[in-house]
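Here the structure is laid out as structure tokens; the discussion comes afterwards.
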Amino acid sequence: MTTFPPTDRRLDKLVQLLSENATVVVPGPKIAAEIGVSRSTVWYWIERLRELGVAIKGHPSTGYQLTRLPDLLMPSLLRPELSEGELGHKVVHYFRIDSTNTVALRLAAEGAAHGTVVVAEEQTAGRGRFGRVWFSERSSGIYFSIVLRPPLAPTVAPVLTLVAGVAAQAALERATGLAADIRWPNDLLLGGKKVCGILTEMSAEVDRLHAAVIGIGVNVNHRQIPEDLRSIATSLSLEGGKVYSRAQILTALLRELEQHYGLLLEEGSEAIARRWMDVSSYGSGKQIRVLAGGSEFEATTIGLDPSGALRIRRHDGRDELLVAGEIVAVR
Ligand code: BTN
């Protein structure tokens, strides 16, 4: 098994130092002294950052200068935007990881606090729903997981998934102006293609939820989608015609998650279901094909139950609650 180390805190400090002094050349010895490493380590890390596409001018004899603020998701670059709130007060960053959900579940089992975030620039084994692979190209998307410890019963897990869906919808609209649709339970779509996916996993006893891990993947600056996914997936950049700041989108996601999680605790799942109905075209009157438990059939949507289940009407007139499975729009 490959083990991936989290990003060294001193490397995070190096990026912070360069970012705070972006217009000036910072001498190598000064950097080394401030972050507490040798000058050769500074040089080594600068080279690694350059490999990741961070634009840094200069060399060991003259010092270093950022020519552009890097779009990395390192804690020091996110923290200024996350001063208030519980979600994201601790961010564990990886340049490369198998899956942020796997790490977050492990950290949760070891006692990680509510709101702990695990974020990676790249995943080698990103997971989607139904055991699918989540394409996690380096530095193009956002791949993160958050540990939540809700004071609620395990039956609330599907509602947490809806919370994440409506929060992500609001965050993407706020950060990019693009209004995504939500396909039940929580796929975010632009032009009918998936741009964001959410995977909720949890550790619980029958009547007690220890921790829920919500993993969110957003296709942000992908310029190309792999051939086999092209008809069903897209990226914000392909839809909006621009390059977006991943850091800005991630901080918007955390703020909206905080707000919608608060709404769930204060007003209950009905309030979340109402928000979901407001922003999703899948809530009522949508002709869908359902794939659930090995069977496949067509139906019309007739509402969203506060439990998170989708209300559907089969073509023979029977009404049902869909609690699990997958749906697609019938054109
Ligand atoms: C889906 O739509 O199938 C869910 C996709 C969830 C992907 C994210 S990326 C961050 C987190 N880590 C994972 O391995 N999966 C989730």
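Below, all heavy atoms of this structure are taken into account, side chains as well, without hydrogens, waters or symmetry copies. Numbering of ligands and ligand atoms starts at 1, following listing order.
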### Query
Which residue pairs satisfy the ring pair (Phe, Tyr, Trp, His ring centres under 6.0 Å) criterion with at least one member in residues 125-153, sequence neighbours excluded?
F135-H222
### Query
Is S145 touching ligand 1 with its side chain, its backbone, both, or neither, if touching means heavy atoms under 4.0 Å apart?
side chain
#### Entry: Atoms of ligand 1, numbered as shown, that sit under 4.0 Å from any heavy atom of K194
1 (C), 2 (O), 3 (O)
### Query
Which residue and non-hydrogen atom of the protein lie closest to atom 5 (C) of ligand 1, and at what distance in Å?
W134 CE3, 3.4 Å
### Query
Which atoms from ligand 1 have a heavy atom of R127 less than 4.0 Å away?
5 (C), 6 (C), 7 (C), 13 (C), 14 (O), 15 (N), 16 (C)
### Query
T100 heavy atoms, cut-off 4.0 Å: which ligand 1 atoms fall inside?
10 (C), 11 (C), 12 (N)
### Message
If only side-chain N and O atoms count, and only distance matters, is there a donor-acceptor pair under 3.5 Å linking S237 with S235?
### Response
no
### Check ion pair R127-E201 (N to O, under 4.0 angstrom)
yes
### Task
Could you name the option among Q123, R132, R129 that has the heavy atom nearest to atom 12 (N) of ligand 1?
Q123
### Close-contact set for ligand 1 against G126 heavy atoms, below 4.0 Å
14 (O)
### Message
I want to know if ligand 1 touches Y143 in the polar sense, i.e. an N/O pair below 3.5 angstrom.
### Response
no
### Side-chain donor-acceptor pair present, S99, N101, cut-off under 3.5 Å
no
### Message
Side chains of Q123 and S136: any donor to acceptor distance under 3.5 Å?
### Response
yes
### Among V117, V119, V91, I216, the one residue meeting side-chain contact (heavy atoms from CB on, under 4.5 Å) with I146
V117
### Query
Counting each atom of ligand 1 from 1 as listed, which ones have a heavy atom of G128 under 4.0 Å away?
1 (C), 3 (O), 4 (C), 5 (C)
### Query
Backbone, side chain, both or neither: what part of D187 comes under 4.0 angstrom of ligand 1, heavy atoms only?
side chain
### Query
Looking only at heavy atoms, what is the nearest atom pair of R183 and I327, with distance?
CD-O, 3.3 Å
### Query
Applying a 4.0 Å heavy-atom criterion (strictly less than), which segment of F130 is in contact with ligand 1: side chain, backbone, both, or neither?
neither
### Query
Do you see a donor-acceptor pair shorter than 3.5 Å between the side chains of K286 and S281?
yes
